[in-house]
Amino acid sequence: DVKVTQSSRYLVKRTGEKVFLECVQDMDHENMFWYRQDPGLGLRLIYFSYDVKMKEKGDIPEGYSVSREKKERFSLILESASTNQTSMYLCASRVPGQVSGYTFGSGTRLTVV
Amino acid sequence: KQEVTQIPAALSVPEGENLVLNCSFTDSAIYNLQWFRQDPGKGLTSLLLIQSSQREQTSGRLNASLDKSSGRSTLYIAASQPGDSATYLCAVRPPGANSKLTFGKGITLSVRP
């Protein structure tokens with residue numbers, strides 16, 4: 001069965017820390033995505049990557065960066081964590097093309113104190 | 001800009017009831033529509049994926065329909081069970097090999113024993 005694995009289920013970090021959220025997929029998918037999910041706001045796209053070393057900004061990229069050095073791994077980086085980045089972070093992957101759907105990871109609940 | 005609406009935001013039904021969850025979208029030019037389930041504090045699990053050329057998809061007690069011309073999809077759950085309690089999200093994908101999903105905010109379903 002296909003899998004998207006997010007390395008941490010829960011994280012607590014301090015304001016100003018550099019935070020890495022890791023996502024690994026075992027499906028050889030080209031496309032990978034990072035979302036955050038907040039009550040009342042739904043899912044919002046932060047960054048996505050079409051392929052290795054390629055990245056594009058989503059709807060809310062401010063305060064975040066990403067890295068995709070290998071096809072299976074897509075990392076979300078909070079350069080200097082702030083309390084308003086407390087959220088549920090969801091990673092997803094997909095094969096390009098019409099017929100494919102998205103596969104999501106189990107999420108990382110990040111709390112910045 | 002595509003908008004996806006799911007109303008009501010929450011629904012409570014007694015066990016055994018057949019129910020319909022609605023999803024509407026403003027732009028009928030879509031590649032596909034995907035229904036997800038999300039349990040509290042967890043990631044998204046894909047339930048059904050309907051291509052733009054299809055009218056419906058079925059998986060067990062779930063049936064999803066798509067009417068592109070009217071901008072509507074429904075998720076039918078037969079003989080609901082307490083284990084069906086979760087948030088159900090629909091998402092539409094516009095045309096384009098690397099296009100991105102637009103999500104509704106979800107319907108939180110509670111099935112009472």
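So you know, we letter chains A, B, ... as the sequences are listed, proteins then strands, and number each from 1.
The OG1 atom of B/T87 lies 8.0 Å from the CD atom of A/Q37; values are rounded to the nearest 0.5 Å.
Annotation: A/K71, atom NZ; neighbour count of heavy atoms from other residues, nucleotides and ligands within 6.0 Å is above 12. Around CZ of A/R109, the count of heavy atoms belonging to other residues, nucleotides or ligands within 6.0 Å exceeds 12. The neighbour count for A/E79 CD, taken as heavy atoms of other residues, nucleotides or ligands under 6.0 Å away, is above 12.
For A/R44, no part sits under 4.5 Å from any heavy atom of chain B, backbone or side chain. When heavy atoms are compared at a cutoff of 4.5 Å, B/L89 approaches chain A solely by way of its side chain, counted from C-beta outward. Using a 4.5 Å cut-off between heavy atoms, A/E30 makes no contact with chain B at all.
Under the 4.5 Å side-chain heavy-atom criterion for grouping Ile, Leu, Val, Met, Phe, Trp and Tyr, A/Y89 is not connected to B/F103 through any hydrophobic cluster. Following chains of ILVMFWY side-chain contacts shorter than 4.5 Å, one can reach B/L101 starting from A/F33, so the two form part of one hydrophobic cluster. Hydrophobic clustering, with ILVMFWY side chains joined whenever heavy atoms are under 4.5 angstrom apart, groups B/I77 together with B/V111. Follow the hydrophobic side-chain contacts under 4.5 Å out from A/L21 and you never reach A/F48; the two are in separate clusters.
With chain B as the partner, the residue from A/R9, A/Q6, A/E56 showing the most heavy-atom pairs under 4.5 Å is A/R9.
Counting heavy atoms from C-beta on, the side chains of B/L44 and A/Y35 never come closer than 4.5 Å.
Taking both residues in full, the closest heavy atoms of A/L90 and B/Q38 are given as CD1-NE2, 4.2 Å, listed atom of the first, atom of the second, then distance.
Taking the six-membered ring for Trp and the full ring otherwise, A/Y102 and B/F36 have centroids separated by 6.0 Å or more.
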Just do the side chain to side chain contact (heavy atoms under 4.5 Å, CB included) check on A/D59 and B/K100 with the steps written out, would you? CA-CA 11 Å; A/D59 300 319; B/K100 300 171 288 296; over 6 Å; no

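With hydrogens and angles ignored, the 3.5 Å screen pairs a side-chain donor or acceptor of B/K105 with a backbone N or O of A/G40.
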